[in-house]
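Residue indices begin at 1 and follow the sequence shown. In this text, all values refer to a predicted model and were calculated from it rather than measured experimentally.
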Amino acid sequence: MAKRGERRRASKRAAVKAKQEKPERGFVARWFRRTLIWGTGFALLGALMLAFSVMFAARSLPSYSSLKATNNAQTIVVRARDGSEIVSLGPSYGKWLDSDEIPDVMKEAMVAVEDRRYRSHFGVDPIGLVRALYNSATGGGRIKATSTITQQLARNLFLNSNRSIDRKAREAVLAMALESKFTKEQILELYLNKVYFGGGAYGIDSASRKFFSHPATDLSVAEAAIIAGLVKAPSRYSPTADVDAAVSRANIVLRLMREQGRISQNEANVDPETVKVKKDTGQNSVRYFTDWALPQLDILLPETFEPIEVWTTLDVGMQRAATASIKANTPNGAQGALVSMDRDGAILALVGGTDYVTSNYNRATNAMRQPGSAWKLFVYLAALEAGYTPSDRVVDTPVTIDGWSPRNSGGGFSGEMDVRTAFAYSKNTVAAQLGNEVGFGTVASMARRFGVSTPISTYPSMVLGSNEVRVLDMTRAFASVSARGRSIEPYGILKVETASGEVIYEHERARTTQLVPEYVAAGITDLLQTTVSTGTGKAAQIGRPVAGKTGTTSSNKDGWFLGFSSGITTGVWMGRDDAKTVRGLQGGRAPASAFAAFMRYAVKDRPIEKFDTDLKLPEWQLEPDDEFLYGNPDDYYFIDEQGNLIEPGAPDPAREVPFDPNEEGFGPDSREGVTVRPGNGQQSPGQQPPGQGPPPRPQSLPPAKQEPPQAASDDFLEQATGGALPPD
């Protein structure tokens, strides 16, 4: 009985438990059925929307012939000043090859490396996408390498290269639209004729001609592998930039082709290293010039996408000479830069480094380095404008300014000398004294006036070139000195023409201003010429007049030479990019030698020109007894308080004139007598700014109507003619 009761109780508990579990299983089943139904509905709706999107996209696609004729970028042909072509930039499309003209090995190489299931998918590769998602989920990296050839073509034709989800979705829709409208052979033909292979080459024919000097119809297996390998990273795998990288990538392409059965084992054994690559003449120092000049087209030209020809100021022969001089004279491990411009600012040569292929950083226009003693140009310009002359005496002696004590490069001091000698031998103490006297702000203002565009600090050591400058700016400043103190505006583009010959831009000469008076320019030219003749710049001599200045920074980190001859101004800089010491680097050595090597070629066809160093000083700077200004020393003129001249023989200015109430012009408010203070016509300090001087003196006065007494007292005459002044 007890056992039967126990069984009944167990049966009841099981029944109760079954009743409790049955609703739970029913809920799960209902939830699963609903999810399946809704999921299927959403999938069908999504598929329907995708189908409509693809259909509408396919209907809006251009025709095949239109896609063949579409070019997406501008071609720029750059010419030298003589009209010769120096480089062609922008896209080059070569000859369009129909599908049956494209070698099969080129097709198979591209499919093997870019899209192995190209002939089986519908524009998007689901297997590849799932594999990419799986690799991203398990490896922690981002999704990559999911674009098919069709997707790449859609992106190149219609979209940009950003990585947004929206762009990827539109790319997939357009890819499926292309697949629905065109055949696989048509899509592959479009792709191979339009894909970018680097160096401005679009399409396999352009790439083949650029890299191998023959049309794409003659491509070998190894050449096809090299071209197919470029698509992933055209600049990294370019055979003209890095042969080893191009060969390594080509071997990967050959391995994939063999593994996928697209070529035989014998074909896969070819050696890409045996391929003869065409030498790239566009990747040379000319690119330093075009990198500087061509961005200016964005400002000079209206918006245009048609092919253009740009005529520049570059002289091909001078550019070669500049490149050779920098390579031959730059110390090992260092870099060099050179800028040369004509008397109107036209850039004749520009080198931004020893080798453009290994480093395209333009040190001539972008790098900022300390100029050392070359900065003294502005110090002495300010001193000459303030009244110094090359023959004035200065003293090379120890000096301390605000706690700063400059030293000369030799460590010694030479005592008294003239300004000319101090500049020629680059005496630091004299430059410091002059800068302190005229004012460091005045020196900074002079540098800014002459075109220095970099920040300038006005602490005392700035007189020795502690501010950083660009080679182009310093060359421009020396060119302005060569132009007798007039402003110079560097330029590199002469004119721009369209393919039809229409001139859409032509250079107009910039308006010039007088930066300093001509006598100041003559004075500084005197100093610069002496520097080359007898001073620190003797290595820059070329057998004709040269004016220039050396510059060397502390620890030989920078070496400079800047100068001019026969209307051409050239600046040279050398140093390391990391600003480390270069042993033996001094401005008077390697940079001056490079300057001389280049300038011998640059001026060979120009007449020899002597410099104008005749100091035609303004009146305010001449001595009072200079006969050039005052004529016969027996004739002295005096000026009254109103600035009127008094001729010899006029009434005695030292006498008091008695007041006559009946005389016309006098009244009760007038003084009892008038005393006229004599003068010698010399402008008082501070009354006239430098370079202007006093107003011109009248040439003659009417004769006196009656015999006058002595014009001035004996005491006054003694003062006017150089006698001792009375005590204060």
Pairwise side-chain contact, [X] with [Y], heavy-atom cut-off 4.5 Å (strictly under):
{"X": "T313", "Y": "D342", "result": "no"}
{"X": "W292", "Y": "N366", "result": "no"}
{"X": "E468", "Y": "T454", "result": "no"}
{"X": "Y491", "Y": "Q296", "result": "no"}
{"X": "I252", "Y": "V113", "result": "no"}
{"X": "V286", "Y": "V316", "result": "no"}
{"X": "P591", "Y": "L562", "result": "no"}
{"X": "Q152", "Y": "V231", "result": "yes"}

Side-chain donor-acceptor pair under 3.5 Å between [X] and [Y], yes or no?
{"X": "K276", "Y": "S213", "result": "no"}
{"X": "E101", "Y": "W96", "result": "no"}
{"X": "E223", "Y": "S208", "result": "no"}
{"X": "R470", "Y": "S453", "result": "yes"}

Any sub-3.5 Å donor-acceptor pair from [X]'s side-chain atoms to [Y]'s backbone N or O?
{"X": "K107", "Y": "E185", "value": "no"}
{"X": "K181", "Y": "L61", "value": "yes"}
{"X": "E609", "Y": "S565", "value": "no"}
{"X": "D115", "Y": "I149", "value": "yes"}
{"X": "S566", "Y": "P607", "value": "yes"}
{"X": "N362", "Y": "Y288", "value": "yes"}
{"X": "S248", "Y": "A245", "value": "no"}
{"X": "R81", "Y": "L314", "value": "no"}
{"X": "Q151", "Y": "T148", "value": "yes"}
{"X": "D205", "Y": "A216", "value": "yes"}

How close do [X] and [Y] get, heavy atom to heavy atom, and via which atoms?
{"X": "I226", "Y": "A250", "result": "CG1-CB, 3.6 Å"}
{"X": "P62", "Y": "L67", "result": "CG-CD2, 3.9 Å"}
{"X": "V253", "Y": "A225", "result": "CG2-O, 3.8 Å"}
{"X": "D558", "Y": "L585", "result": "C-CD2, 4.0 Å"}
{"X": "I456", "Y": "A447", "result": "CD1-CB, 3.9 Å"}
{"X": "F561", "Y": "A540", "result": "CZ-CB, 3.3 Å"}

Could you give the distance from [atom1] ([X]) to [atom2] ([Y]), rounded to the nearest 0.5 Å?
{"X": "M599", "Y": "T569", "atom1": "CE", "atom2": "OG1", "result": "7.0 Å"}
{"X": "T354", "Y": "M574", "atom1": "OG1", "atom2": "CE", "result": "10.0 Å"}
{"X": "S325", "Y": "F598", "atom1": "OG", "atom2": "CZ", "result": "7.0 Å"}
{"X": "M110", "Y": "M257", "atom1": "CE", "atom2": "CE", "result": "10.5 Å"}
{"X": "T512", "Y": "D344", "atom1": "OG1", "atom2": "CG", "result": "11.0 Å"}
{"X": "R369", "Y": "R363", "atom1": "CZ", "atom2": "CZ", "result": "9.5 Å"}

Step through the shown structure and confirm whether more than 12 heavy atoms of other residues, nucleotides or ligands are within 6.0 Å of [atom1] on [X].
{"X": "R448", "atom1": "CZ", "answer": "yes"}
{"X": "R116", "atom1": "CZ", "answer": "no"}
{"X": "R320", "atom1": "CZ", "answer": "no"}
{"X": "D578", "atom1": "CG", "answer": "yes"}
{"X": "K184", "atom1": "NZ", "answer": "yes"}
{"X": "E508", "atom1": "CD", "answer": "no"}

* Asked: Between E179 and V124, does a side chain to side chain contact (heavy atoms under 4.5 Å, CB included) hold up when you go through it step by step?
  -> CA-CA 9 Å; E179 292 274 353; V124 176; over 6 Å; no
* For the residue pair F212 and H214, categorise the inter-ring angle as parallel (less than 30°), tilted (30 to 60°) or perpendicular (more than 60°). =>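 Ring orientation of F212 relative to H214: parallel.
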* What orientation do W560 and W573 show, parallel under 30°, tilted 30 to 60°, or perpendicular over 60°? ->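 Ring orientation of W560 relative to W573: perpendicular.
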When you check the gap from the basic side-chain N to the acidic O, do [X] and [Y] get nearer than 4.0 Å?
{"X": "E489", "Y": "R509", "result": "no"}
{"X": "R249", "Y": "D242", "result": "no"}
{"X": "K495", "Y": "E309", "result": "no"}

* Asked: So L178 and L190, side chain to side chain contact (heavy atoms under 4.5 Å, CB included) or not? Walk me through it.
  -> CA-CA 11 Å; L178 285 170; L190 281 171; 5.6 Å; no
* Result of checking D291, T323, N284 against Y356 for side-chain hydrogen bond (donor to acceptor under 3.5 Å, both in side chains) ->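 Exactly one pass, corresponding to D291.
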* To do: Start with the C-alpha distance between S340 and I568, add both sets of side-chain angles, then the distance that settles side chain to side chain contact (heavy atoms under 4.5 Å, CB included), and finish with yes or no.
  => CA-CA 7 Å; S340 184; I568 295 179; 3.3 Å; yes
* side chain to side chain contact (heavy atoms under 4.5 Å, CB included) between Q319 and V351, worked out -> CA-CA 8 Å; Q319 182 69 18; V351 178; 3.8 Å; yes
* To do: Please determine if K232 forms a cation-pi arrangement with Y237, meaning its NZ or CZ atom is less than 6.0 Å from the six-membered ring centre and no more than 45° off the ring axis.
  =>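 No, cation not above the ring by the 6.0 Å, 45° rule.
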